[in-house]
Amino acid sequence: MLRPWLLLLVFCVPLLQWVNSHEESGEWSCESDSDIRIQAQFGPGLITLDGHADDWKDMDGSEFSLLPALDPDAETEYTGGKMTVKALHDGRDVFFMVQVDGDYAYSKGENTKCPSVALMFQIGEAATYHDMGGCKEGVDSCTNKTCKSHEVDIMHFSIGNAIPGRLYGGNPVDNRDGNGGDRFGHLNDLYGWNPHCRYLDGISSSANDSSAQNDWKGAWWHSSLNVHSGFVEEDSPYASDGQKGTYYFEFSRPLRTMDRLQQDAQFTIGGSSKMSVAFWYPVDGKSWHGSGHYSVSCDWVPLDISMKISMLTKVKQSSSVSAASVFALLLSVISLCVSVFIGYWVVKPKTIPFTPMENL
């Protein structure tokens, strides 16, 4: 009987730190760059979900400055570098690559002393970026009825227990329990109405629904890591702290999910959605909270699920077509030569040698 509440406690302790980071100190103001969009073009068979950026290197992305989520002031910008967000879909799944410069920092089992990243998507039409959905109800009164149309979909990856290059997220053990948790790598699938009303898919303050599951999968990597054959837990911390480089966070989930609880965003090919990306970093080795929470914008960023084929796919298709054309031409020449030879052999005169009578 205690098992569901123990699981809820395990998953929600790190989430409380995120809630605490949303205590604002003054009046909210926002001047977003409305021209930036994230384009997810069509490209089947291009991405291997392993945290490595090699298969993304020829794809365009959107670059963002990272400002504190609660006080988006340029003077307090994340000093490690910019964040680049890339997206792609294959007609079934949508893929994201989030890369951000940062010195290597990893402390096993301590999520708040490791970098962390989250993706947030609008579900309800009234859901705002500010206040994670913007429902005005408190934790004791927020429900799917009192906060209707304020739903947001969240994927949060805290890497303190995640091995670089390994896949985390939805797994048979947690999906069997009917929630969006990930007890192995803390790549969780959540929903919320505001920072104080945020839960794993399938779980709420009033009742749970066992039909939910974690639809996300993902992995992380850092450019200073030099073992590509695969890490295991005993290799932790995998590299020395303080090494210069870039973090890579790679994710995927289906364009459409089996959600019937209004807890997942649903993507449509040719359509547009709204999203945001958040980043936590242990500045000066201190646990992240409050000022360690950065965002790509102070408002929603449009995400276009395009029908347009990516340039990389076109190049590969063009190469394949060229090779096929050369092979077809060669086959045609061989066929023509064989036909000429057979034709000559058929019409060639059949002469019978003359034999004199006296030789018979």
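Since the structure is predicted, the reported quantities are computational estimates derived from the model, not experimental observations.
Donor-acceptor pairing under 3.5 Å is recorded for the side chains of D215 and Q213. A side-chain donor from one of H222 and S224 sits under 3.5 Å from a side-chain acceptor of the other. Using modelled atom types and a 3.5 Å distance limit, the side chains of D50 and T48 yield no donor-acceptor pair. With no hydrogens or angles considered, a side-chain donor-acceptor pair links D264 and T257 at under 3.5 Å.
Judged as a salt bridge (charged side-chain N to carboxylate O under 4.0 Å, His left out), and not counting sequence neighbours, the contacts of E233 are K108. Partners of D304 under the salt bridge (charged side-chain N to carboxylate O under 4.0 Å, His left out) rule, at least two apart in sequence or in another chain, are R37.
Between P115 and P282 the shortest heavy-atom distance is N-CD, 3.9 Å. Closest approach of Q122 and A127 over heavy atoms only: NE2-O, 2.9 Å. For the residue pair Y129 and S276, the shortest heavy atom distance occurs at CE1-OG, 3.3 Å. Contact between A118 and H156 at its shortest, heavy atoms only, is CB-CD2, 3.9 Å. Taking every heavy atom of both residues into account, T76 and D71 meet most closely at OG1-O, 3.7 Å. Contact between L200 and Y191 at its shortest, heavy atoms only, is O-CE2, 3.4 Å.
Under the 6.0 Å cut-off for aromatic ring centres, H186 and F157 do not qualify, their centroids lying 6.0 Å or more apart.
To the nearest 0.5 Å, atom NZ of residue K86 and atom OG of residue S62 are 10.5 Å apart. In this structure, CG in L119 is found 10.5 Å from CD1 in I154, a value given to the nearest 0.5 Å. With rounding to the nearest 0.5 Å, the separation of NZ in K57 from CE in M97 is 12.0 Å. Rounding to the nearest 0.5 Å places OG of S204 at 8.0 Å from CD of Q263.
A chain of hydrophobic side-chain contacts below 4.5 Å, direct or via other Ile, Leu, Val, Met, Phe, Trp or Tyr residues, connects I38 to F279.
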Step by step, work out the ring pair (Phe, Tyr, Trp, His ring centres under 6.0 Å) result for W280 and H293.
CA-CA 5 Å; W280 289 258; H293 176 197; 4.5 Å; yes
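Using a cut-off of 4.0 Å between Lys/Arg side-chain N and Asp/Glu carboxylate O, K217 and D189 are scored as not salt-bridged. By the 4.0 Å N-to-carboxylate-O rule, D153 lies close enough to R253 to be salt-bridged with it. Ion pairing between a basic and an acidic side chain is recognised when a charged N comes within 4.0 Å of a carboxylate O; D101 and K82 show no such pairing.
In this pair, F96 and W216 present their aromatic rings tilted. The plane angle is within the 30 to 60° band.
In this structure, the side chains of S252 and V94 stay at 4.5 Å or more apart for every pair of heavy atoms. Within the 4.5 Å cutoff, the side chain of M155 has no heavy atoms near those of the L190 side chain. In this structure the side chain of Q243 never reaches within 4.5 angstrom of the side chain of D103, judged on heavy atoms. Looking at heavy atoms from C-beta onward, F121 lies out of side-chain contact with V152 at the 4.5 angstrom threshold.
Tested against F231, the residues W221, W220, Y106 include a single ring-ring contact (aromatic ring centres under 6.0 Å, His included) partner, W221. The residue from D90, L88, D55 that alone fulfils the side chain to side chain contact (heavy atoms under 4.5 Å, CB included) condition with L46 is L88.
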